[in-house]
Every structure is written in structure tokens, then in C-alpha cells.
Amino acid sequence: MFLLYEYDIFWTFLIISNAILILAFLIFGVLVPIRKGPKKLSSYESGIEPMGDAWLQFRIRYYMFALVFIVFDVETVFLYPWAMSFNVLGVPVFIEAFIFVLILIIGSFYTWRKGALEWS
């Protein structure tokens, strides 16, 4: 049977941390003065008057590199617990992890062949 009283410390910590967060936002909302004006609404560039338009279009290459980085970062997150418990899990889980890494390698070769990693 699932016993809730075993998690009293967890629930207490969760409630107190959320109460502190809500209290901090409430105090911030009450104490901070709201001043609107042209200086407050202008963009800030290291103390220098802004030049040109603030809206710039970024090249799609930056997003592609970010996506590839996130894929391999998530791969590391999934492989680290597997590596720590490799002796306990055995060969079937090794095969599953090998297939997982193989799929990621095939995906990286695909993006490389498509030219998504080229800057020119």
C-alpha cells in the first residue's frame, strides 16, 4: 500500500519553497516603483544611444546548430545513468543503448550530408 506519510518531508519542503517564491514575487510587485517614460521604453546598448532597428533576422544556421547541440546534450543526459548502472543492467540494455547511439550517429551524418552544418 502506498503510504503518504512517508513523504512528509518532501511535501513540507515543496510547500515552503513555493510559499517563499510566491512571497518574493508579491513583495517585488508591491515595493518596486513603476515609472513609464521615453527613457524607460528605449532599448539599452551598453549606455550608448541605440542605432538602427532593434529587430534583426538571424540566419537559420544558428538554430540548426542549437538543435544539433540539444540533441547531443540530451543524448548525454540519457547515457550517463546507463553508464553508471551498466554492471547491473546487463547486455540487453547495452544493445538498446548501442541502437540509441547508432540512431543519433545516423542522424548526425544525415544533417552533415544535407549541408545543415555548413556556414557558407
Side-chain angles (χ1 to χ4, degrees):
M1 183 173 153
F2 186 75
L3 303 173
L4 286 177
Y5 65 85
E6 292 179 2
Y7 296 99
D8 286 345
I9 295 173
F10 169 75
W11 292 116
T12 305
F13 176 75
L14 188 68
I15 290 170
I16 290 173
S17 62
N18 282 330
I20 289 172
L21 181 69
I22 291 170
L23 186 66
F25 274 112
L26 288 176
I27 291 173
F28 178 76
V30 170
L31 294 180
V32 172
I34 299 173
R35 297 183 191 126
K36 292 184 181 176
K39 287 247 185 207
K40 199 71 160 156
L41 296 176
S42 70
S43 58
Y44 180 75
E45 292 183 9
S46 303
I48 303 171
E49 285 294 320
M51 299 182 312
D53 193 15
W55 293 101
L56 298 174
Q57 247 183 343
F58 289 103
R59 293 177 54 187
I60 193 69
R61 303 279 183 208
Y62 295 116
Y63 299 110
M64 294 300 294
F65 268 83
L67 286 174
V68 170
F69 171 75
I70 287 174
V71 164
F72 286 104
D73 197 35
V74 169
E75 172 193 8
T76 305
V77 168
F78 281 129
L79 286 180
Y80 184 73
W82 167 81
M84 290 293 108
S85 59
F86 176 71
N87 292 336
V88 177
L89 297 174
V91 176
V93 177
F94 174 75
I95 294 171
E96 290 176 8
F98 181 74
I99 292 171
F100 177 69
V101 171
L102 188 66
I103 290 171
L104 288 173
I105 289 172
I106 290 171
S108 65
F109 277 125
Y110 177 76
T111 56
W112 179 49
R113 297 293 290 167
K114 281 295 213 181
L117 302 177
E118 299 288 330
W119 281 107
S120 57

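No experiment lies behind these values; they were computed from the predicted model shown.
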Please tabulate, for side-chain N and O atoms in residues 12-27, each donor-acceptor pair with protein atoms closer than 3.5 Å (sequence neighbours left out).
unit_1, atom_1, unit_2, atom_2, d
Thr12, OG1, Asp8, O, 2.7
Ser17, OG, Phe13, O, 3.0
Ser17, OG, Leu14, O, 3.0
Asn18, ND2, Leu14, O, 3.3

For residues 75-88, which side-chain N or O atoms pair as donor and acceptor with protein atoms under 3.5 Å away, sequence neighbours left out?
unit_1, atom_1, unit_2, atom_2, d
Thr76, OG1, Phe72, O, 3.0
Ser85, OG, Pro81, O, 3.0

Is there a chain of hydrophobic side chains (I, L, V, M, F, W, Y, each step under 4.5 Å between heavy atoms) that links [X] to [Y]?
X: Val91; Y: Ile99; result: yes
X: Ile105; Y: Phe98; result: no
X: Val30; Y: Val32; result: no
X: Val101; Y: Val74; result: yes
X: Val71; Y: Tyr63; result: yes

